[in-house]
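Encoded as structure tokens, the structure appears first; notes follow it.
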Amino acid sequence: MSLTAQVLRRAAVCLTIIGAFPTLAEESEGVSPAIIGCRVISNFRIGSSAKQFGALEFVGGLEMASASSDFGGLSAFRYLDSGSRFLGVTDTGFWYAGTMQRDEKGRPASIANFRLAPIQSDEGIPVEGKWNSDAEGMSVSGDTVTVSFERIHRIEEYRLDVENFASTPKNIPLPIPRDELRNNRGIEAVAMAPASSPLRGARVAVTEKSINRAGDMFGAVLEGPQKGVFFVKRLDDFDVSDGDFLPNGDLLLLERRFSMASGVVLRIRRIAAGDIRPGATVDGPFILQADMRDQIDNMEGLDVWQADDGSTRLSLVSDDNHSIVQRNLYLEFRLAE
């Protein structure tokens with residue numbers, strides 16, 4: 001199937017999903033509920049029943065759509081428990097939250113209790129304007145939510161509040177020199193290292209495409225014994241779109257590349273825990289690589305979590321850029337090791 005044919009098919013599917021579900025009444029301010037229509041994705045490789053892809057086993061996925069004009073632009077995603085309640089941010093300045101519904105085999109089936117609410121400024125009013133509201137990375141630890149913004153580059157802390165979404169930010173000093181942060185290529189990933197890792201529970205930030213003289217991407221450890229700036233080897237024109245830590249402390253980086261010839265290509269790179277330290281340039285093997293033969297889109301969010309069966313899971317979400325030719329996807333994998 002050509003790239004053009006795939007785009008047309010995906011647009012038709014999106015319209016079908018939206019048309020099949022009613023709209024809840026929305027509020028101009030505060031928390032807005034939304035019905036999310038979902039199409040189950042049973043196979044990752046289009047036209048194939050294969051389950052194993054690199055170091056990952058495909059569990060299942062969802063193609064999501066809603067009549068809510070605020071739904072879309074999903075840029076970060078985190079479960080608040082073992083694969084049920086979740087929280088995320090959009091690059092248009094919204095929190096989103098909901099509950100993943102699963103079938104009898106534990107595979108993603110639908111989404112319930114979905115709601116959206118504007119991210120608050122330090123004045124307690126919704127952040128406004130794309131330049132100020134472009135939230136990209138997010139991590140959750142206890143009652144603390146850390147969010148990175150690009151364009152107006154900053155990292156901010158919020159109190160976890162999935163009921164009223166009323167918490168206001170506390171600014172965290174930028175670890176990377178501001179003049180090194182590129183326009184629309186700033187801090188794309190914020191992740192919390194395990195307490196037992198060499199980083200001892202520190203938060204780590206990685207930029208999308210803010211590069212040093214060697215052409216490598218800026219990263220930083222925000223606190224702890226390894227606090228400081230490091231670099232991520234940039235390879236094959238891929239940009240970082242998110243990251244999270246495995247239980248052993250290794251860092252996974254979600255990367256993507258787009259061209260009109262090949263469409264979207266993604267991969268996940270694994271960085272050894274002990275390699276991340278001030279001044280280092282880190283690299284590592286790829287545990288997943290995928291392209292337009294697979295059920296992918298503009299994948300922006302990555303979450304690593306532990307399922308009730310003890311397995312390590314990876315969840316990915318895509319940013320549709322509020323475009324009819326792109327999709328909001330949720331994909332779930334089991335780490336096979």
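Here, residue 1 is the first one in the sequence, and each next residue gets the next number.
- With sequence neighbours excluded, the residues forming a side-chain contact (heavy atoms from CB on, under 4.5 Å) with Ala112 are Gln101, listed by chain and number.
- Arg257 has no carboxylate O lying under 4.0 Å from a charged side-chain N of Asp237, or vice versa, which leaves the two without a salt bridge.
- Between Phe53 and Phe44, the angle of the ring planes goes over 60°, which puts this pair in the perpendicular group of the 30/60° scheme.
- The closest side-chain heavy-atom distance from Phe333 to Leu288 is below 4.5 Å.
- Hydrophobic clustering of Ile, Leu, Val, Met, Phe, Trp and Tyr side chains at less than 4.5 Å, counting indirect connections, keeps Val304 apart from Phe245.
- Using modelled atom types and a 3.5 Å distance limit, the side chains of Ser315 and Tyr330 yield a donor-acceptor pair.
- Remark: Arg102 CZ is packed, more than 12 non-hydrogen atoms of other residues, nucleotides or ligands lying under 6.0 Å away.
- Side-chain contact, Ser259 with Ser262: a donor N or O sits under 3.5 Å from an acceptor N or O.
- Donor-acceptor pairing under 3.5 Å is lacking for the side chains of Arg200 and Gln226.
- No option in Val206, Asp216, Ile211 other than Asp216 meets the side chain to side chain contact (heavy atoms under 4.5 Å, CB included) test with Phe231.
- Applying the side-chain contact (heavy atoms from CB on, under 4.5 Å) test to Ala307 and every residue at least two apart in sequence or in another chain returns Trp305, Asp309, Ser311, Arg313.
- At least one side-chain heavy atom of Leu254 sits under 4.5 Å from a side-chain heavy atom of Ile268.
- Residues Glu208 and Arg256 are paired through a salt bridge, judged by an N-O separation under 4.0 Å between the basic side chain and the carboxylate.
- The ring-ring contact (aromatic ring centres under 6.0 Å, His included) contacts involving residues 139-159 comprise Trp95-Tyr158, where partners must be two or more places apart or lie in separate chains.
- Under the 4.5 Å side-chain contact rule for hydrophobic residues, Ile119 and Leu80 share a cluster.
- Under the side chain to side chain contact (heavy atoms under 4.5 Å, CB included) rule, Val145 has a single partner from Asp161, Leu87, Val162, Val190, which is Leu87.
- Ring pair Phe86/Tyr79 is perpendicular by interplanar angle, where above 60° counts as perpendicular and below 30° as parallel.
- Classification of Glu157 and Arg203 as a salt-bridged pair holds, one side-chain N sitting under 4.0 Å from a carboxylate O.
- The existence of a salt bridge linking Arg334 and Glu332 is excluded, since no basic side-chain nitrogen approaches an acidic carboxylate oxygen closer than 4.0 Å.
- Within the cation-pi definition used here (under 6.0 Å to the ring centroid, within 45° of the axis), Arg267 qualifies as a partner of Phe238.
- A salt bridge links Asp250 with Arg270: at least one charged nitrogen is closer than 4.0 Å to a carboxylate oxygen.
- Between the Ser66 side chain and the Ile35 main chain, a donor and an acceptor come within less than 3.5 Å of each other.
- Residue Asp283 forms a side chain to side chain donor-acceptor pair (under 3.5 Å) with just one option from Lys233, Arg269, Arg234, and that option is Arg269.
- Val40 and Ile111 end up in the same hydrophobic cluster when Ile, Leu, Val, Met, Phe, Trp and Tyr side chains are linked at under 4.5 Å.
- At a threshold of 4.0 Å, the pair Asp103-Lys105 does not count as salt-bridged, since none of the basic side-chain nitrogens sits closer than that to a carboxylate oxygen.
- Using a cut-off of 4.0 Å between Lys/Arg side-chain N and Asp/Glu carboxylate O, Arg159 and Asp143 are scored as not salt-bridged.
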